[in-house]
Number of protein chains: 2
Amino acid sequence: MITIDNISIPLPTIRRFPAYLRLLKEHANRGEVWISATTLAEELKLKPIQVRKDMACTGVEGKPKVGFLVSELVLAIEHYLGWDNTTDAILIGAGNLGAALIGYKGFENNGLRIIAVFDKDRRKVGSQIGGIVVSQIEDLAKTVDKFGINIAIITVPAHAAQSVAEMAVEAGIKGIWNFAPKNLNLSDNIVIQKTDLVTSFAELSAKLINHLDEQKQIQGK
Amino acid sequence: MITIDNISIPLPTIRRFPAYLRLLKEHANRGEVWISATTLAEELKLKPIQVRKDMACTGVEGKPKVGFLVSELVLAIEHYLGWDNTTDAILIGAGNLGAALIGYKGFENNGLRIIAVFDKDRRKVGSQIGGIVVSQIEDLAKTVDKFGINIAIITVPAHAAQSVAEMAVEAGIKGIWNFAPKNLNLSDNIVIQKTDLVTSFAELSAKLINHLDEQKQIQGK
DNA sequence: TAGATTGTTAATCGATTAACAATC
DNA sequence: TAGATTGTTAATCGATTAACAATC
């Protein structure tokens with residue numbers, strides 16, 4: 001449960017917000033003005049009741065028989081995700097994954113702009129990655145301070161994650177998006193978001209075993 | 001809830017398994033034979049009762065006052081994740097993100113091996129990416145069939161995702177790991193795992209707003 | 001008007017947490 | 001033995017789903 005503007009929004013709802021947003025923007029582009037929860041549900045394979053509950057969190061009121069104003073929903077969702085203003089972030093770790101994130105088109109219209117890249121490796125410093133010059137990690141604090149950055153994205157190897165995270169926090173970073181497969185130990189007032197590729201794969205693995213098992217049992221009978 | 005070998009395991013437990021596995025292997029490397037749920041909990045910042053519940057799902061029995069056999073837990077968790085045998089997968093979309101996944105060290109010891117890469121772009125075909133030669137997408141079905149591949153990883157742009165997913169399913173793929181920010185519409189008997197970077201960032205954004213709000217309120221009082 | 005859709009209140013479901021007896 | 005830790009059963013909590021009245 002997350003509270004923004006004194007409104008409590010369940011975390012699963014927050015997670016569904018980006019998918020709604022994408023769809024709503026598509027509809028807006030087609031010139032559509034109204035959309036019903038029923039339609040959204042169908043397109044996202046969710047239950048209408050769940051979409052209505054989620055929409056209720058946005059504070060936008062719908063009209064029975066018509067639905068919701070697309071533009072209102074877009075603005076409300078963007079607001080609760082903090083995407084009404086683009087957030088600047090720094091990235092630490094100029095490897096393959098770092099390059100992928102810098103080049104990722106999806107962030108452009110979704111509130112995230114990576115404005116600086118740092119790496120411990122002196123040989124990478126000065127080189128360009130996705131149009132951004134790699135800086136030495138010693139300059140991190142200066143950049144964070146100068147641009148008032150809150151978010152650091154960590155794409156270094158597991159063994160280096162803890163130490164660069166500490167440097168970032170020291171520099172004033174408030175939120176960390178950690179791609180390294182390592183649990184970070186930081187002060188409680190730092191927000192940590194972990195994206196663990198191995199964990200995602202684990203989920204797929206287990207679901208697939210479960211699924212193939214089921215199919216085998218059905219066929220066996 | 002996922003059922004494997006007639007044992008039901010909650011999805012959140014499955015998601016915690018990789019973190020346990022990493023920690024357990026570290027302890028094993030240090031020559032430690034026994035480990036208690038209390039210790040695991042402390043190192044992962046979880047509650048001991050939750051770790052005990054999770055361990056119960058593995059079927060491994062612990063000894064009061066001593067804990068669990070590290071080696072038994074490792075084997076049991078690997079079994080439920082299907083990581084006792086490495087899974088071969090193909091990757092579609094030889095862009096930055098694809099390159100990052102192919103080069104990702106974390107997969108090596110965690111049951112995943114990417115054995116072939118495909119791309120629609122003729123100019124990329126024949127070039128190497130992380131030591132793997134990019135094949136033309138027309139050869140996909142042949143490869144899937146020849147090596148009995150179940151899993152496809154999709155790292156193409158959103159607009160191409162649906163069509164390559166359909167090709168993969170046509171070729172016999174049973175599980176899809178989708179990195180494209182697009183909901184796939186496929187037959188119900190295909191397992192789809194979505195890793196949406198924008199969604200992860202949304203979560204961080206919202207948590208951070210909530211957190212900064214809280215801090216402001218505390219200071220205001 | 002009739003019917004689709006919203007919004008509210010209550011029921012259900014699943015996961016986490018608590019309490020505590022069993023055990024080495 | 002005393003005490004830490006396990007494992008089981010019950011309580012709590014939060015999210016999803018159901019039911020239905022309100023409404024345009």
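Predicted model only: the values in this text are computed from it and were never measured. Naming convention: chains lettered A, B, ... in sequence-line order (proteins, then strands); numbering from 1 in each chain.
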(request) May I have the distance from A/I49 (atom CD1) to D/dA15 (atom P), rounded to whole angstrom? (result) 15 Å

(request) Report the nucleotide, chosen from D/dT6, C/dT9, D/dA19, that has the shortest atom-to-atom distance to any side-chain atom of B/P64. (result) D/dT6

(request) Would you kindly give the CE-to-P distance between B/M55 and D/dT8, to the nearest whole Å? (result) 15 Å

(request) Verify, without hydrogens or angle tests, whether A/H211 (side chain) and B/N189 (backbone) share a donor-acceptor contact under 3.5 angstrom. (result) yes

(message) Tell me which nucleotide, if any, is Watson-Crick or G-U wobble paired with D/dA22 when both distances must be under 3.5 Å.
(response) C/dT5

(request) Say whether, by atom type as modelled, one donor and one acceptor occur between the side chain of A/D145 and the main chain of A/A141 under 3.5 angstrom. (result) no

(request) Round to a whole Å and report the spacing from CH2 of B/W34 to P of D/dA4. (result) 19 Å

(request) Let me know the distance between CZ of A/F68 and C1' of D/dT23, rounded to the nearest Å. (result) 13 Å

(request) Check the angle between the aromatic planes of A/W177 and A/F107 and answer parallel, tilted or perpendicular using the 30° and 60° thresholds. (result) perpendicular

(request) Would you tell me if any nitrogen or oxygen in the side chain of A/K63 comes within less than 4.0 Å of OP1 or OP2 on C/dT6? (result) no

(request) Rounded to the nearest angstrom, tell me the gap between atom CG in A/D54 and atom P in D/dT17. (result) 11 Å

(message) With a 3.5 Å limit on both atom pairs, tell me what C/dT16 is paired to, counting Watson-Crick and G-U wobble, or say none.
(response) D/dA11

(request) Classify the side chain of A/K65 and the base of C/dT1 as holding, or not holding, a donor-acceptor pair under 3.5 Å. (result) no

(message) So if I take every side-chain heavy atom of A/S36 and compare against D/dT6, C/dT8, C/dT5, which nucleotide ends up nearest?
(response) C/dT5

(request) Report the distance from atom CD1 of A/I35 to atom C1' of C/dT6, rounded to the nearest whole Å. (result) 15 Å

(request) Remember a base hit wins even if backbone is also touched, and classify B/M1 as base, sugar-phosphate or nothing at under 4.0 Å, heavy atoms. (result) sugar-phosphate

(request) Starting from the 5' end of DNA chain D, give me the residue, B/T39 or A/V66, whose nearest nucleotide shows up first. (result) B/T39

(message) Among D/dG7, D/dA18, D/dT16, which nucleotide has an atom closest to any side-chain atom of A/R16?
(response) D/dT16

(request) Rounded off to whole Å, could you give me the NZ-to-P distance for the B/K47 and D/dT6 pair? (result) 17 Å

(message) If you assign each of B/E61 and A/I9 to its closest nucleotide in DNA chain D, which residue comes earlier from the 5' end?
(response) B/E61

(message) In the structure I gave you, are the side-chain heavy atoms of A/F179 and B/L197 within less than 4.5 Å of one another anywhere?
(response) yes

(message) Taking B/I92's backbone N and O only, do any of them form a donor-acceptor pair with B/T155's side chain (distance below 3.5 Å, no angle check)?
(response) yes

(request) Between D/dT6, C/dT16, D/dG7, spot the one nearest the side chain of B/P12, thanks. (result) C/dT16

(request) Please report, rounded to the nearest Å, how far the C1' atom of D/dA21 is from the CZ atom of A/R52. (result) 12 Å

